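All residue numbers refer to positions in the sequence shown, counting from 1. Keep in mind the model is a prediction, meaning the values are calculated, not measured. All ligand and atom numbering here is 1-based and tracks the order in the structure.
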Amino acid sequence: MTRVIPESTSSPAGTPPAPKRPLPVSRADTFTESVIREMTRLALKHGAVNLAQGFPDFPCPDELKSAAGEAIDADVNQYAITWGSKELREEIVKRVKTYNGMAFDPETGITVTCGSTEAMLASLLAVITPGEEVIVPEPFYENYGPDAILSGAAPRYVPLGDDLSIDEESWKSAFSKKTKAIILNTPNNPSGKVFSKKELSFIADLCLDYNVIAVTDEIYEHILYDGHKHVSIGSLDGMQDRTITIGSFSKTYSVTGWRVGYALADPDLTNRIRKIHDFLTVGAPAPLQQACAAALRLPASYYRELAADYDKRRKILYNGLREAGFACELPEGAYYIFTDISESGKTDVEFARHLIEKAGVAAVPGSSFYHDGGETKLRFTFSKKTETLQEACRRLENAF
Ligand code: PLP
């Protein structure tokens, strides 16, 4: 309902202003603002090197910049078709066929969205009837908690082991008749885990047994190390019509501010996602959709170099963190290192504040990736220039 805002809040001279009545409670009161984005604001305030939020401080490929400029010059400035421009849908579907091994009809199987953030929320809204359970493996990307609440789902968290393995018995016991969906994220933020085909087959069997939909966020699918391979759960037998595969241009092409992503799903699910997407945002930015289609025509070498460059950055940050006294492992994919700070004797929030104010480096407190726990962890991103990472490592020498 629209709230009427009075034109003037000033009161007649001498009359004390009427006390402000508290707003009625809403679902927005049931979660906090993003800790990741808050850390970025604190980093700016204190002049800290921002290794908190996962966005590059280096430019996107020139091909994307010129394609975006050309699109604006050619007046591609009005709404695109709500579920995405035809050219972009066709390019995405082509790439998904070769890279992910899944076939979709560009007319009925894809919705272009404002980033994978919108794709995830629109997908959950399309799938969930309030009160149904959604399985969320933990640690998880912090948006999934509020996404579950906004869509009315009851999240059911299943922890990964300390070595990031799946404990099959606890996963089996999390699935029930109430389970409607599972949110997957591989390669994973924050842990860097890349789910293997064997693990995904185990999860797929549970989805088939319990009639569950997999909503899978594969935004880091091209950022893989040490021979790890990306597998889309939707490509496994029986899963195509019960999987929503979410992708984005943000990370693969270093354009997190462009806000272009997509959800791939069978026509019935896509129909629902498109309706919700239309009323959420109408559509993703039209000229940038044209530039994203150009991104998909980059040669195969682009993806090899992307992974190789991130591998170098991964090693710089890993070595710096180890030398500074952080306990951590090299991630298998994505661009984060999830560290253990038990040694510091501080909580994650205390240590994150201390790092920003005393060392001049921003990281994300581990508790933002758990529904309960994570206070002994901090997450650092290495999606930064070599010089930025070297400066951060120099500053981290005084971390403990
Ligand atoms: N999903 C994961 C796992 C992420 O790490 C991020 C950003 O860090 C997002 C989604 C947001 O992606 P987008 O920019 O496509 O909305």
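Not a single heavy atom of F55 sits under 4.0 Å from any atom of ligand 1. In this structure, M120 has no heavy atom closer than 4.0 Å to ligand 1. The closest approach between any non-hydrogen atom of Y262 and ligand 1 is not below 4.0 Å.
When non-hydrogen atoms are compared, ligand 1 lies under 4.0 Å from neither the backbone nor the side chain of W258. In R259, the part holding a heavy atom less than 4.0 Å from any atom of ligand 1 is the side chain. Counting heavy atoms under 4.0 Å from ligand 1, residue Y220 touches it through the side chain alone. At a heavy-atom distance under 4.0 Å, only side-chain atoms of Y144, from C-beta outward, approach ligand 1.
Annotation: salt bridge (Lys or Arg N to Asp or Glu O under 4.0 Å) contacts of R272 (sequence neighbours excluded): none.
Residue, atom and distance of the protein heavy atom nearest to atom 8 (O) of ligand 1 are K251 NZ, 2.7 Å. The protein heavy-atom contact nearest to atom 3 (C) of ligand 1 is D217 OD2, 3.4 Å. With hydrogens left out, the protein atom closest to atom 11 (C) of ligand 1 is T117 OG1, 3.4 Å, a heavy atom.
When the options S116, P190, G261 are ranked by their closest heavy atom to atom 13 (P) of ligand 1, first place goes to S116.
Side-chain polar atoms of S367 and D348 form a donor-acceptor pair below 3.5 angstrom. Under the 3.5 Å distance criterion, with hydrogens and angles disregarded, no donor-acceptor pair is assigned to the side chains of S235 and N100.
The pair K275-D278 fails the salt-bridge criterion, with no side-chain N (NZ, NE, NH1 or NH2) lying under 4.0 Å from an Asp/Glu carboxylate O. Checked for salt-bridge contact, R95 and E221 miss the test: no charged N lies under 4.0 Å from a carboxylate O. Comment: R297 engages E87 in a salt bridge, judged by a side-chain N to carboxylate O separation of less than 4.0 angstrom. Under a 4.0 Å N-O distance rule, the pair E90/K86 qualifies as a salt bridge.
Atoms of ligand 1 lying under 4.0 Å from any heavy atom of S250, numbered from 1 in the order shown and given with element: 13 (P), 14 (O), 15 (O). In the vicinity of G115, heavy-atom distances shorter than 4.0 Å reach the ligand 1 atoms 15 (O), 16 (O). Proximity to N185 (heavy-atom distance under 4.0 Å) selects the following atoms of ligand 1: 3 (C). If you number the atoms of ligand 1 from 1 as listed, the ones under 4.0 Å from a heavy atom of Y336 come out as 5 (O), 8 (O).
S196 places none of its side-chain heavy atoms less than 4.5 Å from the side chain of V231.
Ring-centre distance between Y220 and Y336: below the 6.0 Å cut-off. Taking the centre of each ring, F140 and Y157 come in below the 6.0 Å mark.
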